[in-house]
Protein chains: 2
Amino acid sequence: MTVTSVHDPSHREALWELEDAFERGDLVSLFGRCTVAYEGRAASDLGPGDRLLVLKPDGAALVHTDEGRQPVNWQPPGSEHRAAVREGRLRVVSTRTNPAETLTVRFSDVHQLSGMAVTGGRDLALHGSEEDLRTRILERPELVEPGFEPKATERPSGAGPMDVFGVDADGTPVVVELKRRRVGPDAVGQLARYVRALREELGATESAGDDGDGVGGGDGETEPAVRGVLVAPSVTDRAAERLADRGFDHVALEPTPEE
Amino acid sequence: MTVTSVHDPSHREALWELEDAFERGDLVSLFGRCTVAYEGRAASDLGPGDRLLVLKPDGAALVHTDEGRQPVNWQPPGSEHRAAVREGRLRVVSTRTNPAETLTVRFSDVHQLSGMAVTGGRDLALHGSEEDLRTRILERPELVEPGFEPKATERPSGAGPMDVFGVDADGTPVVVELKRRRVGPDAVGQLARYVRALREELGATESAGDDGDGVGGGDGETEPAVRGVLVAPSVTDRAAERLADRGFDHVALEPTPEE
DNA sequence: AATTTCATATCGTGA
DNA sequence: TCACGATGTGAAATT
């Protein structure tokens with residue numbers, strides 16, 4: 001049998017089942033009334049209440065209440081679970097080092113405990129990520145703009161690797177920053193750093209110490225012409241302002257085609 | 001009884017228990033072999049495998065494997081759960097709108113199903129957050145530097161509210177940016193925006209179009225003197241460079257005192 | 001091990 | 001509702 005289960009066990013029965021489950025490498029689900037204490041990167045305390053404790057064979061521990069996607073407390077994978085009965089009550093402690101963290105769950109009542117041996121099916125096929133967006137642009141560069149020609153992905157720069165580097169119809173270098181969803185001002189800052197780094201690399205001669213007011217127009221200076229293009233489904237108002245300030249363009253594009 | 005539990009139920013029995021649990025507003029734990037499909041902000045498919053499905057009365061749904069802190073698939077709170085038997089197999093669908101998202105879990109085997117009525121204890125007391133760091137500085141300003149005097153928290157600026165605004169021993173305005181943990185260059189950029197906004201507000205007269213090389217020294221220009229201080233446990237090398245570029249200071253401080 | 005960046009991030013707060 | 005920033009963010013890729 002792949003699943004073991006006990007209903008309203010005594011604290012000692014729960015301990016035995018739990019130790020067996022640890023031994024077998026089971027995925028454990030434990031309903032009960034408990035308090036929770038955490039100490040590590042921060043510290044927290046949670047008073048008595050009914051909760052679901054999930055213990056994984058890889059060391060992860062999750063304490064869930066009836067609300068929220070996030071566990072109210074947890075321990076990351078790589079932790080070590082131990083169970084004991086102290087003063088007649090089940091206690092589960094999960095610890096890890098680097099950083100040193102401890103999660104302690106003290107039960108006053110154990111309502112239900114189940115363990116299942118898990119096999120297979122851990123590979124998730126996910127679509128619609130930033131990588132999909134990059135693929136889409138490389139296959140159809142005209143979606144960025146007519147005449148755009150990608151030259152490289154992850155091209156190195158002084159500010160780190162750019163998402164896509166290419167040239168436009170006039171042969172002007174273009175830095176393309178990809179975001180799979182609506183973006184705020186931070187993405188514009190990221191694009192600006194790439195553009196500035198590329199301008200310096202392509203031979204900045206004067207105008208030192210500024211932060212990417214990217215016009216490169218017709219005045220006396222000979223700043224290398226480098227364009228910045230932000231590809232994202234949409235941008236916030238603040239991000240649009242900053243794009244305009246820098247002289248960058250925005251191309252509205254989804255990571256996957258609309259149906 | 002606060003907990004119901006069935007072991008190796010038929011798909012129809014599982015459906016009945018599940019519908020009862022939804023009705024009661026139970027927190028549900030469901031072990032079984034299943035496939036999972038998600039479509040919404042992205043899209044994903046997960047082949048057959050043994051998993052734990054957690055269904056919360058607030059609409060959250062979590063699909064956990066035996067590894068990782070994160071669910072392999074999920075649905076946020078506010079979704080609606082529905083269960084049915086199709087072709088003799090239990091199927092759980094969780095949907096939400098805005099954005100439109102659907103999670104579908106198709107079971108080939110149901111091993112164990114439990115539901116618990118959850119009461120009380122949802123208030124977590126967390127220590128060591130950024131707010132703790134702010135409190136600590138307001139109570140002991142000399143931790144920033146001798147003579148520092150906080151004037152306001154969340155003081156508005158053209159770049160948004162600053163964490164802490166004050167003056168140093170010389171009466172020079174100081175913008176303090178707080179981070180509860182080690183920070184990278186982005187935090188320096190955030191601080192630079194506040195400093196620049198405050199300089200403009202306090203009467204910038206010349207040197208337009210640059211981005212905060214904050215010296216304000218003794219040369220001819222009369223840029224308003226505004227200092228920037230980053231309070232964080234530590235900074236990355238790159239962040240330290242940028243701090244030096246801008247003429248900002250770093251104060252090493254933890255959100256809670258070391259023991 | 002340290003750093004950087006993405007995520008179906010989630011979550012709270014404020015406008 | 002949308003925008004913005006914090007999170008014990010987690011997780012992967014890269015150095």
Side-chain angles (χ1 to χ4, degrees), chain A residues 38-44 60 62-63 67-79 96 98-103 124 126-134 154 156 159-163 177-187 190 193 234-240 255-256, chain B residues 36-44 60-63 67-79 96 98-103 124 126-134 154 156 159-163 177-187 190 193 234-239 255-256:
Chain A
Y38 158 76
E39 172 127 23
R41 285 169 290 176
S44 71
L62 311 170
V63 180
E67 288 188 348
R69 204 210 70 123
Q70 300 290 7
V72 64
N73 272 122
W74 71 92
Q75 197 71 300
S79 310
R96 74 158 178 171
N98 203 338
E101 294 185 295
T102 302
L103 181 73
L124 180 76
L126 180 66
H127 322 286
S129 62
E130 188 176 297
E131 189 176 339
D132 288 270
L133 183 55
R134 176 166 56 243
E154 306 298 329
M162 314 169 184
D163 286 339
E177 173 67 22
L178 305 177
K179 293 294 171 186
R180 61 174 301 281
R181 64 169 190 173
R182 183 175 177 86
V183 297
D186 52 335
Q190 196 176 340
R193 291 198 298 277
S234 63
V235 301
T236 67
D237 289 348
R238 178 95 66 158
T256 53
Chain B
V36 185
Y38 158 76
E39 172 124 23
R41 287 168 289 178
S44 72
L62 311 170
V63 180
E67 288 188 345
R69 200 206 76 119
Q70 301 290 5
V72 64
N73 274 122
W74 70 91
Q75 197 70 299
S79 311
R96 74 159 178 168
N98 206 333
E101 292 185 298
T102 302
L103 181 74
L124 180 75
L126 180 64
H127 323 288
S129 62
E130 187 176 297
E131 188 176 339
D132 287 271
L133 183 54
R134 176 166 54 244
E154 305 298 329
M162 314 169 184
D163 286 339
E177 174 68 21
L178 304 176
K179 293 293 171 188
R180 60 174 301 284
R181 64 172 187 169
R182 182 175 177 83
V183 296
D186 52 333
Q190 196 174 341
R193 291 199 298 275
S234 64
V235 300
T236 66
D237 290 348
R238 178 90 69 156
T256 52

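Order of the sequence lines fixes the chain letters, A, B, ..., with proteins taken first and strands second; residue numbering starts at 1 for each chain.
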B:Pro255 and B:Leu133 have their tightest heavy-atom pair at CA-CD1, 3.8 Å

Separation of C:dC6 atom C1' from A:Asp132 atom CG, nearest Å, is 13 Å

B:Arg182 and B:Ser234 have their tightest heavy-atom pair at NH1-OG, 3.0 Å

In whole angstroms, the gap separating P of D:dT7 from CH2 of A:Trp74 amounts to 11 Å

message = Within the 4.0 Å heavy-atom criterion, would you say A:Arg96 contacts the bases, only the backbone, or no part of the nucleic acid?
response = nothing

TODO: Name the nucleic acid region contacted by B:Asn73, choosing base, sugar-phosphate or nothing; use a 4.0 angstrom heavy-atom cut-off, strictly under.
DONE: base

Rounded to whole Å, the CD-P distance (B:Gln190 to D:dG5) equals 6 Å

Here the distance between atom P of C:dC6 and atom CZ of A:Arg181, to the nearest Å, is 12 Å

**Item:** Gap in Å between the two C1' atoms, one belonging to C:dA7 and one to D:dT7, rounded
**Value:** 14 Å

DNA chain D in dot-bracket form (Watson-Crick or G-U pairs under 3.5 Å, [ ] crossing, | inter-strand) is |||||||.|||||||

Ranking B:Glu131 and A:Ala239 by the position along DNA chain D of their nearest nucleotide, the one closer to 5' is A:Ala239

When rounded to whole Å, the CE to P distance for the pair B:Met162 and D:dA6 reads 15 Å

Check: When you compare C:dT8 with D:dA6, how far apart are their P atoms, in angstrom units rounded to a whole number?
Finding: 22 Å

Looking at every strand, decide which applies to A:Asn98 at a 4.0 Å heavy-atom threshold: base, sugar-phosphate, or nothing.
nothing

Heavy atoms of B:Ala43 and A:Leu126 approach each other most closely as O-CD1, 3.2 Å

Whole-Å distance, A:Glu130 CD to D:dA11 C1', equals 15 Å

Hits for side chain to side chain contact (heavy atoms under 4.5 Å, CB included) against B:Ala61, two or more places apart or cross-chain, chain-then-number order -> B:Leu55, B:Gln75, B:His81, B:Ser94, B:Leu103

Ignoring hydrogens and angles, tell me if any N or O in the side chain of A:Arg69 forms a donor-acceptor pair with the backbone of B:Ala60 under 3.5 Å. no

The side chain to side chain contact (heavy atoms under 4.5 Å, CB included) partners of B:Thr256 (sequence neighbours excluded) come to none

Do the charged groups of B:Glu101 and B:Arg96 touch, with an N to O distance under 4.0 Å?
yes

Those residues at least two apart in sequence (or on a different chain) that pass side chain to side chain contact (heavy atoms under 4.5 Å, CB included) with A:Pro185 are A:Thr236, A:Arg238, A:Arg242

Whichever of B:Asp237 and A:Asp163 has the more 5' nearest nucleotide on DNA chain C, that residue is B:Asp237

(Q) On the nucleotide C:dT4, are OP1 or OP2 found under 4.0 Å from the side-chain N or O atoms that B:Thr236 carries? (A) yes

Heavy-atom closest pair (A:Val235 atom, A:Ala239 atom, distance to 0.1 Å) is CB-CB, 4.1 Å

- Task: Using a heavy-atom cut-off of under 4.0 Å over every strand shown, decide if A:Ser44 touches base, sugar-phosphate, or nothing.
- Result: nothing

Margin query: Tell me if the CD atom of B:Glu154 is crowded by more than 12 foreign heavy atoms within 6.0 Å.
Written below: yes

B:Leu124 CG to D:dT9 P, in whole Å, measures 14 Å

Worksheet item: With sugar-phosphate meaning primed atoms plus P, OP1 and OP2, does B:Gln75 contact a base, only sugar-phosphate, or nothing at under 4.0 Å between heavy atoms?
Response: nothing

Under 3.5 Å, which N/O atoms of the protein pair with N/O atoms of nucleotides 11-14 of chain C?
residue: C:dC11; atom: OP1; partner: A:Arg69; partner atom: N; Å: 2.7
residue: C:dC11; atom: OP1; partner: A:Gln70; partner atom: N; Å: 3.0

Taking OP1 and OP2 of C:dT10, is either one under 4.0 Å from a side-chain nitrogen or oxygen of B:Arg41? yes

For A:Arg180, which contact category applies under a 4.0 Å heavy-atom criterion: base, sugar-phosphate, or nothing?
-> sugar-phosphate

Here the distance between atom P of C:dT8 and atom OH of B:Tyr38, to the nearest Å, is 8 Å

5'-most contact on DNA chain D (nearest-nucleotide basis), A:Arg182 vs B:Glu177, goes to A:Arg182

For B:Glu177, the side chain to side chain contact (heavy atoms under 4.5 Å, CB included) test, sequence neighbours excluded, returns B:Asp163, B:Lys179, B:Gln190, B:Leu191, B:Tyr194, B:Leu230

Is there a side-chain polar atom (N or O) of A:Lys179 under 4.0 Å from OP1 or OP2 of C:dT5? no

